[in-house]
Amino acid sequence: MQTKINQLIDEVQAFVAVDAQALEQFRIRFLGRKGIMNDLFEEFKTIANDQKKAMGQELNKLKTAIQEKLDAAKEVTTKSGDFAALDLTRPSGIALPGARHPLSIVRQEILDIFGRIGFTVADGPEVEDDWHVFSGLNFPPEHPARDMQDTFFIQKADQEKGWIEMLLRTHTSSVQVRQMNKQKPPIRIVMPGRVYRNEAISARAHCQFHQIEGLYIDEHVSFADMKQTLLYFTQAFFGKAEIRLRPSYFPFTEPSAELDVYWGLESEADHRITKGTGWLEILGCGMVDPAVLEAANIDPNKYAGFAFGMGIERIAMLRYQIDDLRMFFENDVRFLEQFRSAI
Ligand code: DAH
């Protein structure tokens, strides 16, 4: 009985009368002839004598709470029965301002930087076919990146063809292929988006994350243009002026490189994140392979281009010194609210 009464007191105190009718229903429910109070008094008769005193006091508390609610509400009821309770001058509850997600802050900043030098934003689908993710990007059929280990394959029902195999894009390079089919050179675009890989979740890896892809195709575009563009980006974003391009391999670029930025070795953290070298890898890049241009019906004898791709999480982790990737996806407000001032 005790817990029941306590629950009822809570309920009474939480009650808000939206209009006179709701208030009357409230009164009947608690104080009516067949109401809760009468039931409780019936029950009260049956309890042991030595409990009566304590329980009687509890019942009175409940009754007082009900009466107080009714009195308070009556006071603000106007003659017409409408509530004048709507006090527009009453201070509201505390409304905390929201904060943008760190990934969205970093993505926007990167897009803004490239926007200043003429890159526009484009996007494409997350559910893709083999052509846009692999074949159109010059991946040989037996390339390990197509392996089930890395790629999520899914089936899609097609009215004519039955089940067709699709996949979740493993990189935003797929958007390059779509855009090269859509636009004619000059093409100068950045393409942000979510990508998926079949990997176990850890502090360093996740089955879904975000990338920004870049593509510039025009007549006479050179490796030097790429280097200068990326230098401009690293200076604008990190404030770091020294970069190096290390030879690398991607099926869709030739030559290919990885861009490192000189981070420095001032603090202990610098040593840790650069593994004692002072250099940090930021992105992959290269000159668009002529085979990729050809597959998209762009004449490789007339046009050349460069492309690059970077992981937004990685860049955000460096910027904010976050050492666990999972933080981005857990939506813990204690983490997120720290970015309120970063907008
Ligand atoms: N798609 C590559 C990845 O996911 C990144 C990349 C490298 C994109 C070189 C590019 C590029 O456009 O030129 O690892």
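We're numbering straight along the sequence, starting at 1. One-based numbering, in listed order, for ligands and for the atoms of each.
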**OP:** Number the atoms of ligand 1 from 1 as they appear, then name those within less than 4.0 Å of a heavy atom of Gln176, with their elements.
**Re:** 12 (O)
Original post:
So, Glu281 and Arg246, do they make that salt bridge, N to O below 4.0 Å?
Top reply: yes
Original post:
Between Glu337 and Arg334, is there a side-chain N and carboxylate O pair less than 4.0 Å apart?
Top reply: no
Subject >> Phe306 and Phe119 aromatic ring geometry - parallel, tilted or perpendicular at 30°/60° bounds >> reply: tilted
**OP:** For atom 14 (O) of ligand 1, grab the closest protein heavy atom and report residue, atom and distance to one decimal in Å.
**Re:** Arg197 NH2, 3.9 Å
**OP:** Look at atom 11 (C) of ligand 1 and say which protein heavy atom is nearest, naming residue and atom and giving the distance to 0.1 Å.
**Re:** Phe252 CE1, 3.4 Å
**OP:** Please determine if Lys4 and Glu43 form a salt bridge, counting it only when a charged side-chain N lies under 4.0 Å from a carboxylate O.
**Re:** yes
**OP:** Kindly assign one of parallel, tilted or perpendicular to the pair His171 and Phe252, based on the angle between their ring planes and the thresholds 30° and 60°.
**Re:** perpendicular
Original post:
Among all protein non-hydrogen atoms, which one is nearest to atom 12 (O) of ligand 1, and what is the separation to 0.1 Å?
Top reply: Glu213 OE2, 2.6 Å
**OP:** Go through ligand 1 atom by atom and flag the ones less than 4.0 Å from a non-hydrogen atom of Gly286.
**Re:** 13 (O)
Original post:
Which is it for Gln108 and Asp112 under the side-chain hydrogen bond (donor to acceptor under 3.5 Å, both in side chains) test, yes or no, and what are the steps along the way?
Top reply: CA-CA 6 Å; Gln108 196 54 50; Asp112 284 348; 3.1 Å; yes
Subject >> Arg197/Asp150 salt bridge by N-O under 4.0 Å criterion >> reply: no
Subject >> Glu11 bridged to Arg29 by N-O distance under 4.0 Å >> reply: yes
Subject >> Ala307-ligand 1 polar pair, N/O distance under 3.5 Å >> reply: yes
**OP:** Taking only heavy atoms of Thr253 into account, list the atoms of ligand 1 that are under 4.0 Å away from them.
**Re:** 13 (O)
Original post:
Gln211 near ligand 1, heavy-atom distance under 4.0 Å?
Top reply: yes
**OP:** Check each atom of ligand 1 against the heavy atoms of Ser173 and keep those under 4.0 Å away; list them by number with element.
**Re:** 1 (N), 8 (C)
Original post:
Counting heavy atoms only, which of Gly309, Ser256, Gly214 is nearest atom 6 (C) of ligand 1?
Top reply: Gly309
Original post:
Going by distance only, is there an N or O of Thr170 that falls short of 3.5 Å from an N or O of ligand 1?
Top reply: no
